[in-house]
2 protein chains.
Amino acid sequence: MSDSNGTPEAVHLDAEYGLAENPDDHRSELRLWLRMLTCTTLIETEIRKRLREQFDTTLPRFDMMAQLYRTEEGVLLGELSQRMMVSNGNVTGLVERLVQEGLIERQVSETDRRATRVSMTPHGRAVFAEMAEAHAEWISDFMSSVSERDQERLWSRLGGLKASVRGALSDQPAQGRKASRRKRT
Amino acid sequence: MSDSNGTPEAVHLDAEYGLAENPDDHRSELRLWLRMLTCTTLIETEIRKRLREQFDTTLPRFDMMAQLYRTEEGVLLGELSQRMMVSNGNVTGLVERLVQEGLIERQVSETDRRATRVSMTPHGRAVFAEMAEAHAEWISDFMSSVSERDQERLWSRLGGLKASVRGALSDQPAQGRKASRRKRT
DNA sequence: GTTGATAATTTTAAGTTTAAAGAATTTACT
DNA sequence: AGTAAATTCTTTAAACTTAAAATTATCAAC
C-alpha cells in the first residue's frame, strides 16, 4: 500500500485503535463516541499548533475571544463559562491573562456589583479578526473533501444527537437548584 | 414553551450560542465544527462527573485504562500517547498515578532499554471491567433517542470527515522526520 | 430593617496538558 | 569500530482545567 512516491502510507494510531478487531465487543454507540472524540481531537490538535506558530496564542484564549467577538456589548462571566463549556474558575484565569494582554477588559456590572461583564478592546477585535479568518480557512481546508451536502447532513444528525444527550441529562434528578426558590404568586 | 409540569424549559448555553442569529457570518464548516465540539464536550462533561461520583476516578485515567484493556500484552508509552491522542509528557504523569494506584504496571522492554511497556494488573482489569460496563450504559443512554440507523450514518460520515482531515494534514510539509533519513539502497 | 437563601465570582488544591529540553539508548553511516 | 542522527521517554515550565470552598453581593420573606 503506497502513496504516489512509493513509500508506505503513514499509519495513524488514535482513539479508535483496536475497535475493528473486536466489533462485537463494542456497541455501536461506543464506536460512534470514539469516532467523535477522534475527529474533534484531531482537528483541535492541529488548530492549537497553528495558533501557537502563527499567532503566538492558545486555543482556550482563542475560544474565549471568539465568544466575546460575537457579543459586542460584553458577556457576564457566568454566561461565558456556559458558552465556553468550562468551569467558572477556569474562566477567571483566562480572563486575567487576556486582560493582561490588553485584548479584553472587565467592567463591574452597574446593576449587580457581584457580576463582571467582559468585552473586547478595539485592539482585541483587530487581533481576533485576523485569527478568525485564518481559523475559518483551516477548518474549511480540513473539511475540503467532505461535500457541502454531507456537512449539512452531519450537522443535522449531530443536532439530533445533541438533543438526545440533552434529553438524557435532563431526566436526571435536579440537584437542588432554582426549582424551589421564588414562590411569588 | 413549557415542559410537562408547566415550568419553562431549561435554556442551555453552549459553544453554538449566537450562531443562528448571524448565519451568513459563519461558513457551514465552522458551524459543523462548533456542533461537534458542543456534542463531545456535553458528553465528556457528564462522563467525567459520573466517573468521579461513582468510581472516584478521572476521565484521562479511564481513557488510559480503556486503551490498555484492549491490549493484554501491554502498550509502549509512545504508542499509548498516539492512541490516547495526548503528549508523551502527559502520558508519563498519568502512568505514574495509575501505577501508584496499583491498577497498571510498567516493564522495561527487553529489546530496547529506552522503551517501557505498560499493562494492566489483574486488579486493574477487574476495576476497569466494572467502570467499562457502566460507561457503555451511559453512552447508550445518551444516544437512546438516536436510531441505530442514524448512528450508523453518523459513524460513516464522520469517517469521511476524519479521512478528509487526515488528508489535509498529510499535505503539510514534513518536519524533517524519517522521510529524509535512511538512504539505504 | 433584618435575615437566610441564593447568586456571581474568586481562590484553592489537585489533576491534566502542552511544547521543548534533556538523558539514555538504538540505528545508520562511514 | 567510531560517530552522528534518530528514537523513546522523562523532566521542566507554563497554561489549562476541575470541583469545592470562600467571599461578596443581592433579594425575597418576614
Side-chain angles (χ1 to χ4, degrees), chain A residues 41 44-53 56-64 75-82 84-101 106-118 175-185, chain B residues 41 44-53 56-64 75-82 84-101 106-118 175-185:
Chain A
T41 306
E44 266 187 336
T45 298
E46 184 61 20
I47 294 176
R48 181 188 316 277
K49 179 169 175 281
R50 295 185 190 188
L51 283 173
R52 183 184 73 252
E53 289 172 346
D56 191 28
T57 189
T58 67
L59 183 52
R61 295 182 203 190
F62 176 87
D63 285 341
M64 179 171 282
V75 182
L76 293 178
L77 292 184
E79 183 179 327
L80 200 45
S81 160
Q82 291 179 71
M84 289 179 68
M85 305 178 84
V86 299
S87 68
N88 278 53
N90 193 10
V91 165
T92 298
L94 275 164
V95 162
E96 182 55 34
R97 285 186 283 277
L98 285 173
V99 163
Q100 284 176 351
E101 288 186 37
R106 290 189 185 92
Q107 291 114 11
V108 175
S109 170
E110 290 180 343
T111 59
D112 184 341
R113 289 195 308 281
R114 295 170 297 179
T116 299
R117 186 172 294 269
V118 174
Q175 306 291 2
R177 292 182 97 74
K178 255 182 172 155
S180 59
R181 187 88 159 96
R182 303 195 174 207
K183 308 208 253 313
R184 209 176 221 179
T185 325
Chain B
T41 305
E44 268 188 334
T45 298
E46 184 61 22
I47 293 178
R48 181 187 316 276
K49 178 167 175 283
R50 295 185 190 188
L51 284 173
R52 183 184 73 253
E53 290 171 346
D56 190 30
T57 190
T58 67
L59 183 52
R61 295 183 201 188
F62 175 88
D63 285 342
M64 178 171 283
V75 182
L76 293 178
L77 292 183
E79 183 179 325
L80 200 46
S81 161
Q82 291 179 70
M84 289 180 68
M85 305 178 86
V86 299
S87 69
N88 277 54
N90 194 12
V91 166
T92 299
L94 277 164
V95 163
E96 181 56 32
R97 284 185 283 277
L98 285 174
V99 164
Q100 283 176 351
E101 290 187 36
R106 290 190 187 92
Q107 293 112 8
V108 174
S109 169
E110 290 181 344
T111 58
D112 184 339
R113 290 199 305 282
R114 296 170 299 179
T116 298
R117 186 173 293 270
V118 176
Q175 305 291 3
R177 294 184 96 72
K178 254 179 173 157
S180 60
R181 188 92 159 94
R182 302 194 173 209
K183 310 207 263 285
R184 207 172 225 182
T185 324

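Throughout, protein chains are lettered first and strands after them, A, B, ... in sequence-line order, and every chain is numbered starting at 1. Remember, predicted model here, so these are calculated numbers, not experimental data.
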Euclidean distance, B:Glu46 CD relative to B:Thr41 OG1, rounded to 0.5 Å: 13.5 Å
Protein-nucleotide distance (B:Leu80, atom CG; D:dT8, atom C1'), rounded to Å: 13 Å
Side chain to side chain, B:Leu98 and B:Met64, heavy atoms closer than 4.5 Å: yes
Spacing of A:Glu101 atom CD relative to D:dA14 atom C1', expressed in whole Å: 13 Å
N/O (side chain, A:Ser109) to phosphate O (OP1/OP2, C:dA8) under 4.0 Å: no
Under 3.5 Å donor-acceptor pairs involving side-chain atoms of residues 75-82 of chain B, not counting sequence neighbours:
{"residue": "B:Glu79", "atom": "OE2", "partner": "B:Arg83", "partner atom": "NH1", "Å": "2.9"}
{"residue": "B:Ser81", "atom": "OG", "partner": "B:Val86", "partner atom": "O", "Å": "2.7"}
{"residue": "B:Ser81", "atom": "OG", "partner": "B:Asn88", "partner atom": "OD1", "Å": "3.2"}

Rounded distance in Å - CD (A:Glu79) to C1' (C:dT9): 15 Å
B:Thr116 side-chain N/O to D:dT8 phosphate OP1/OP2 under 4.0 Å: no
Residues that B:Arg113 engages under salt bridge (charged side-chain N to carboxylate O under 4.0 Å, His left out), provided they are two or more places apart: none
Heavy-atom check, side chain of B:Leu94 versus side chain of B:Met84, under 4.5 Å: yes
The single option from B:Lys49, B:Arg48, B:Arg50, B:Arg52 passing side-chain contact (heavy atoms from CB on, under 4.5 Å) against B:Leu59: B:Arg48
Distance, rounded to the nearest Å, where A:Leu98 contributes CG and D:dA15 contributes P: 12 Å
Please produce a list of atom pairs where a protein N or O lies less than 3.5 Å from an N or O of nucleotides 22-25 of chain D.
{"residue": "D:dA25", "atom": "N3", "partner": "A:Arg114", "partner atom": "NH1", "Å": "3.1"}

Interatomic distance where CG belongs to B:Leu59 and C1' belongs to D:dA19 [whole Å]: 15 Å
Contacts of type salt bridge (charged side-chain N to carboxylate O under 4.0 Å, His left out), residue B:Arg61, not counting sequence neighbours: B:Glu101
Protein-nucleotide distance (B:Arg106, atom CZ; D:dT8, atom P), rounded to Å: 18 Å
Touch class at under 4.0 angstrom, heavy-atom based, for A:Thr58 against every strand present: sugar-phosphate
Distance, rounded to the nearest Å, where B:Met64 contributes CE and C:dG15 contributes P: 15 Å
B:Arg117 CZ - C:dT25 C1' separation (whole Å): 17 Å
Nearest-0.5 Å distance, OG1 of residue B:Thr111 to CZ of residue B:Arg117: 8.0 Å
Below 3.5 Å is the cut-off: list the nitrogen or oxygen pairs between protein and nucleotides 17-19 of chain C, distance only.
{"residue": "C:dT17", "atom": "OP2", "partner": "B:Asn90", "partner atom": "ND2", "Å": "2.9"}
{"residue": "C:dT17", "atom": "O5'", "partner": "B:Asn90", "partner atom": "ND2", "Å": "2.8"}
{"residue": "C:dT18", "atom": "OP2", "partner": "B:Ser87", "partner atom": "N", "Å": "2.5"}
{"residue": "C:dT18", "atom": "OP2", "partner": "B:Ser87", "partner atom": "OG", "Å": "3.1"}
{"residue": "C:dA19", "atom": "OP1", "partner": "A:Arg52", "partner atom": "NH1", "Å": "2.9"}

A:Gln100, CD: over 12 other non-hydrogen atoms inside 6.0 angstrom: yes
Terminal axis angle for the helix from C:dG1-D:dC30 to C:dT30-D:dA1, five pairs an end, nearest 10 degrees: 10°
Side chains of B:Arg106 and B:Val95 in contact at under 4.5 Å (non-hydrogen atoms): yes
